[in-house]
Amino acid sequence: MDWQAIGLSVRLATLVCAILLILGLPIAYWLTFSRRRWTFLVESVVALPLVLPPTVLGFYVLMAIGARSPVGRAWEHWTGHGLAFTFEGLVLASILYSLPFAVQPIAAAFSQVDVSLLEASALLGSSRWRTFTRVLAPLSLQGIITGAVLSFAHTLGEFGVVLMVGGNLPGVTRTVSIAIYDQVQGFDYAAANATALLLLVFSFAVLSVVYGLTRKPWSVTRS
Amino acid sequence: MDWQAIGLSVRLATLVCAILLILGLPIAYWLTFSRRRWTFLVESVVALPLVLPPTVLGFYVLMAIGARSPVGRAWEHWTGHGLAFTFEGLVLASILYSLPFAVQPIAAAFSQVDVSLLEASALLGSSRWRTFTRVLAPLSLQGIITGAVLSFAHTLGEFGVVLMVGGNLPGVTRTVSIAIYDQVQGFDYAAANATALLLLVFSFAVLSVVYGLTRKPWSVTRS
Amino acid sequence: MTTLRAVIRARVSADFLLDVDLAVEPGITMLFGASGSGKTTVLRCLAGLRTPESGRITIGDRVLFAADTGVDVPPQQRNVGYVFQQLALFPHLTVEQNIHYGLSALDQDTRRARSREIAASFRIEPLLQRRPDQLSGGERQRAALARSLVTNPQVLLLDEPLSALDHASQSRIIEDLRNWNAARGIPILYVTHSHREVFALGARVIVLERGTVLADGLPEHVLEAPEQESLARLTGHENVLDAVVESIRPDAATMQCRLSRSDVELEVPRAKGEPGSSVRIAIRAGDILLATEPPRGISARNVIAGTIGALRREGATVILQVDTGVPFEVHVTPGASESLGLAVGRPVWLVIKTHSCRTVV
Amino acid sequence: MTTLRAVIRARVSADFLLDVDLAVEPGITMLFGASGSGKTTVLRCLAGLRTPESGRITIGDRVLFAADTGVDVPPQQRNVGYVFQQLALFPHLTVEQNIHYGLSALDQDTRRARSREIAASFRIEPLLQRRPDQLSGGERQRAALARSLVTNPQVLLLDEPLSALDHASQSRIIEDLRNWNAARGIPILYVTHSHREVFALGARVIVLERGTVLADGLPEHVLEAPEQESLARLTGHENVLDAVVESIRPDAATMQCRLSRSDVELEVPRAKGEPGSSVRIAIRAGDILLATEPPRGISARNVIAGTIGALRREGATVILQVDTGVPFEVHVTPGASESLGLAVGRPVWLVIKTHSCRTVV
Amino acid sequence: GQFQRATGRTVSATYGSSGNFYTQIQHGAPFDLFLSADIDYPNRLITERLVEPDSLFRYATGRIVLWWRKGRALDPTRGLDALRDPRVRRIAIANPDHAPYGRAAVAALRKAHLLEQVQAKLVRGENVAQAAQFVESGNADAGIIALSLALSPALRTSGSYYEIPATEHPPIVQAAVVVSASRQKSAAREFLRFLRAPEVMSLMATFGFVRPPSDEAAK
Ligand SMILES: Nc1ncnc2c1ncn2[C@@H]1O[C@H](COP(=O)(O)OP(=O)(O)OP(=O)(O)O)[C@@H](O)[C@H]1O
Ligand SMILES: Nc1ncnc2c1ncn2[C@@H]1O[C@H](COP(=O)(O)OP(=O)(O)OP(=O)(O)O)[C@@H](O)[C@H]1O
Ligand SMILES: [Mg+2]
Ligand SMILES: [Mg+2]
């Protein structure tokens, strides 16, 4: 059992999920409440990383962060090492790839919240920020959970992008999905099955807790 | 430009997206309205395919539907040919893999709909089916669109599962994502860029039309 | 006849149990009660939106719910029209589509004709193409009413359907509703907390208090001759006075009472209670006649002298506080007030007919 | 003083333009008007939820909105309390959390003390731990009111805040509201369609019709002496009669009019109009006195003989249709009706004071 | 193209990792001919009776090279020792767990007594093409890749290479075999015969594949 890889994957997925929520919530907010006419174009752009095969997306990311690109050079200048084959690079690529999974369900949930509740909050003196944290977000909880779960699970299972940008370094970028892949490729099916099973059980436990705790408590049907 | 692959991918994504909506809507309905206590466990199971690396998922699917499996043999018995390495097999695998993308945003949207509207519909004599099509679904439109977009885009870009179950047969299972991958692997960057760009432009166009047409029309903020 | 019968027990919360036995006959029955008395809960049980713990609901011979046999007809098959207190108009449909919603079985033309007709009678014709968020509160209420009525239900449940409307619109719609039902004769259960509506609409009234039926009958009987103090207050018997029975006159079916902490005497209709026992007497402020000089030659037995302690105007009513040893509230019309020259400090005489006094418990 | 001043023009739809000029002084001002007259729209503009096309809104010296200088203070900084017609309670918070919501600046103890106090006065203390979907309609209304009042706003906007409450609860809350503001003296704009509430609460009333201010002043002046027929009807002047001016008596400041299609004459206060011109005269049904024999020795100039054509009871009022050549509606108390022995077919005399007649246009 | 001209038949090729094809053939993939980058896979398939044992044909032996982008200051004369240069911080190889070129690369490094020293610098691509991409995109400073890739039009111009002698690593024998489930076995065999033709073999050499030992090729 490759515990190191599992630990790394969980760390990566948790971090990416957290960052995606931090990024995704404001983006979804903007997509939902912006009055600009071209908002829907941005909405489409957000979904685009999805349509590329992960390895190809990874390839483009690799080009973009490589030593030949301005981004790569700037990063190297500041940190002293490249972005590729590092945990940071993996985080960056995963964020890019999973962004739509976070943004879209959250934006959909936001758009279903009754505007008059947001108005009521403002009239009780709440800043936009407080209205967001105390009214909009709790009322969109199911959508936010969906966004978080999809991006967490997707990052756990992500393979193509990680493979391309990570370089399969044990303890640094060798995630559990790559480990299982290697085990399958190396005909070590027993190990692969065991790792996959562990991953499934772990994910199932996490998801069950999340879903079990967040069943919308205020919509208890009356009967 | 590999038009055949593009056509195949679009066909696959459209079909999978359609089937996922047909499957996802009732599953989401059940998840939202079932009064059983263990519903949240099912919700967790639905999300599980996500956490496996696609190629590994593909590997298991191959085991399950390949020539050596009972499913594969039964299918062969009925249709005269195997399920793996066919378009049908691809569709099946893609559905399995993208199911959570369809189900979860839809379920989240359903749970945000005001129960009294569903009650009002029933009291006006509507069957559950009519309440579903005329009230619940329209009011959850943003979530359904999100589910459709995510599953469409994800199927377009899907690579690992397709590679494993499809076997990269031109015209049958060689999707555009695999084509681009091959082009990149073959260092044919010009072709890869061209195909990727075409895919992006096409997806962008489709998504823009979808989002542009479905901006929730009845929540026009009063200004 | 298609009477709606309901015997239901439903536990809403630890401290609220609905336990009622109702018969709603064809025509309009008012369901009257204070806020939180369980009116909406009754309607939800009848409509099938809440399953009672026990009991039985029938319309004529048709069983809608029976706890013992396990029958529980789902809402969509009950053929019950329901206007929600919170309206529940479909936000994604126009007013016209909302009205059409319950008419899916009809063809397009009939549907259109029916909806135009009902929209006209509720004066929402110009709003047919609007969505609910483009309507005012009262307009929404009219749209919701139209949506329910147009389906020709077998029973109609209305939860404060006119509370957001001005009196003129209310009167018009009440008239419409009465005409509408004249041709149909279905049982209509109409929730309200307004006396005005009880008297304007109801052939019968059921009074709820804390989940139980407090009284049931003709509005003039129930609201005019309340048998409980709470009901007396609820029905506008502004004066509820403690008294002691002095003597009983069996021949006239009356008894003589003295109000506590005063020497004011009142003749009231005979009720339970022996001489010496305590009773409470309820009198509507509007049933008390006022005179500015001691009245002579009138049939009323009770004439009480007092002084105007306070005077204020509310709507079409002048409200007087008259001190007679015990404080009385008296209502007169502004016209009467003016012509009698009423003012604070003026001595007045209250004339109270024996049968305006109710003995309550 | 912190008067709320608003001059606003806002186009709501192609056929509805709000165009008002209001001054709301400290104390309670009623905003009165039929359904769809623009009451809610006025409140939304004042609260900053709708931006008017032009105009200016100020509280004392503080400019909230000025189209010319581009000032537009966002709702969260206006310090305006607002009770929505649809309440808008937060569904995911308990009643207590809803009430605390606007008190985030205070410490926990003060917050709790304030919310307990207000909950007690609105009698929702036992409901503090419930969520809004566990409340009845009237309980929700009280919770919403408590949520707004507890924040001590600079201005209070109430959109039909008591429409779901029974009269007893209404009266109590009205009393509470008056006391609450006695200590604060902020401008309160209170939307209603009920006369009752106008008189019970309002020091001043503003009447809206189709987006414009129809009248503005003391309730007794505005609603009692309406200058427009529509307002007369809206304020319960049940009798609006066509007439022709016969003669003018400048010394008494009255004029003599003959009702159209009859020979009934009325003396009314002098108004615009020369002999021979048409006028309309509005009279409240409650201002007409009724006698069962020809009254003698009274000051009233107008005594009209007629016959009772119809008689029905509505709440605390008996409504009579009296035929005098033209039909009159007359309201009397049940007590009076009984003691006079009123019945259909009985000859009666209507006594109408000159100053009960309003000339309207 | 040449085969079509010679026989009038068309070949449709499917590229991918040998390991994946192995798994797919196990599960009934409709391939006719399997050209593996590693003889290990065809041998396993033979044991599993999924391919025609008599058709096994070693068509080439792969060679590996140390490859770097032009402009990197790597000294080509030092051979693998150039990797000792501290400026070389990332070295790309194919994954030695399952990619034959990766195994060869590790073997070569071990033989040069470099493995321990560079272990921390190794980044692994899923296959050798990906390893090449790591270098090509500038994210790795050098890589050990197939000679055939170094000679390919895309990389030939952008990089330089040092050919690692065939003696420094176990041979990467590339073998072809006809799949038993194939419906066109004769055509497949015909294509195998075509591959054996001397002119084809020499053409392969120009692509960086070395002719395998002839005795085994005859098998
Ligand atoms: N889900 C619930 N949980 C606990 N108590 C509830 C719930 N729903 C309603 N109640 C309580 O049940 C009682 C009856 O409620 P109901 O809505 O029937 O009152 P109502 O007569 O319609 O009042 P109103 O005139 O204010 O609408 C109220 O005291 C209310 O607080
Ligand atoms: N979004 C909209 N589009 C078009 N017309 C609208 C819109 N919102 C409101 N109106 C119209 O504006 C008018 C004023 O509405 P408003 O809500 O201010 O009325 P109101 O006086 O509050 O009535 P009510 O007592 O029924 O609540 C109404 O005629 C209404 O139909
Ligand atoms: Mg209710
Ligand atoms: Mg309104």
Side-chain angles (χ1 to χ4, degrees), chain A residues 33 35 39-41 43-45 47-57 59-60 100-101 104-105 107-109 111-113 115 139-140 142-143 145-146 149-150 153-154 156-160 176-178 180-181 184 192 196 199-200 203-204 206-208 210-212 215-216 219 221-222, chain B residues 33 35 39-41 43-45 47-57 59-60 100-101 104-105 107-109 111-113 115 139-140 142-143 145-146 149-150 153-154 156-160 176-178 180-181 184 192 196 199-200 203-204 206-208 210-212 215-216 219 221-222:
Chain A
F33 296 105
R35 301 238 182 94
T39 321
F40 72 97
L41 297 179
E43 208 164 353
S44 311
V45 168
L48 280 188
L50 267 185
V51 305
L52 287 180
T55 36
V56 173
L57 183 72
F59 172 72
Y60 286 129
F101 297 123
Q104 312 248 355
S111 75
Q112 264 181 286
V113 172
V115 181
L139 289 174
S140 309
Q142 294 300 309
I145 294 291
T146 297
V149 163
L150 290 182
H154 193 250
L156 259 194
E158 186 20 41
F159 167 72
V176 66
S177 57
I178 291 187
I180 303 182
Y181 176 78
V184 170
L199 189 62
L200 288 176
S203 308
F204 180 76
V206 171
L207 294 179
S208 297
V210 168
Y211 286 130
R215 301 229 77 186
K216 193 173 160 190
S219 80
T221 18
R222 284 213 193 175
Chain B
F33 296 105
R35 302 239 183 94
T39 320
F40 72 98
L41 297 179
E43 206 164 354
S44 310
V45 169
L48 280 189
L50 266 184
V51 305
L52 287 180
T55 34
V56 173
L57 183 72
F59 172 73
Y60 287 128
F101 297 123
Q104 311 248 356
S111 76
Q112 265 181 285
V113 172
V115 180
L139 289 176
S140 310
Q142 295 299 309
I145 294 292
T146 296
V149 163
L150 290 182
H154 193 249
L156 258 195
E158 188 17 44
F159 166 73
V176 67
S177 57
I178 293 185
I180 302 182
Y181 177 76
V184 169
L199 189 62
L200 288 177
S203 307
F204 181 77
V206 171
L207 293 179
S208 298
V210 168
Y211 285 130
R215 302 230 75 187
K216 193 175 162 190
S219 81
T221 17
R222 285 209 192 176

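Here is how names work: the chains are called A, B, and so on, in the same order as the sequence lines, proteins then strands, and each is numbered from 1.
Per-residue heavy-atom pair counts under 4.5 Å with chain A were compared for Leu207(B), Leu48(B), Val51(B), Leu156(B), and the maximum is reached by Val51(B). By number of non-hydrogen pairs under 4.5 angstrom with chain A, the leading residue of Val176(B), Leu199(B), Ile178(B), Leu200(B) is Leu200(B).
In this structure a side-chain-to-backbone donor-acceptor pair under 3.5 Å is missing from Ser177(A) to Pro53(B). At distances below 3.5 Å, at least one donor-acceptor pair connects side-chain atoms of Gln112(A) with backbone N or O atoms of Ala109(B).
Nearest heavy-atom pair, Ala47(B) versus Ala153(A), reported as atom, atom and distance to 0.1 Å: O-CB, 4.5 Å. Shown here for Leu150(A) and Pro100(B), the closest heavy-atom pair between the two residues is CD2-O, 4.1 Å. Considering every non-hydrogen atom in both Ser44(B) and Tyr211(A), the closest pair reads OG-CD1, 3.6 Å.
Partners of Tyr181(B) according to the ring-ring contact (aromatic ring centres under 6.0 Å, His included) rule, which considers only residues two or more places apart in sequence or in another chain, are Phe159(B). With sequence neighbours excluded, no residue satisfies side-chain hydrogen bond (donor to acceptor under 3.5 Å, both in side chains) with Thr146(B).
When heavy atoms are compared at a cutoff of 4.5 Å, Val45(A) approaches chain B by way of both its backbone and its side chain. Interface remark: Phe204(A) contributes backbone and side-chain atoms alike to the contact with chain B (heavy atom separation under 4.5 Å).
Taking CG from Leu52(A) and OG from Ser203(B), the interatomic distance works out to 8.0 Å, rounded to the nearest 0.5 Å. For the atom pair Tyr60(B) OH and Ile180(A) CD1, the distance stands at 6.5 Å (nearest 0.5 Å).
The aromatic rings of Phe101(A) and Phe101(B) lie parallel to each other, with less than 30° between the two planes, well short of the 60° mark.
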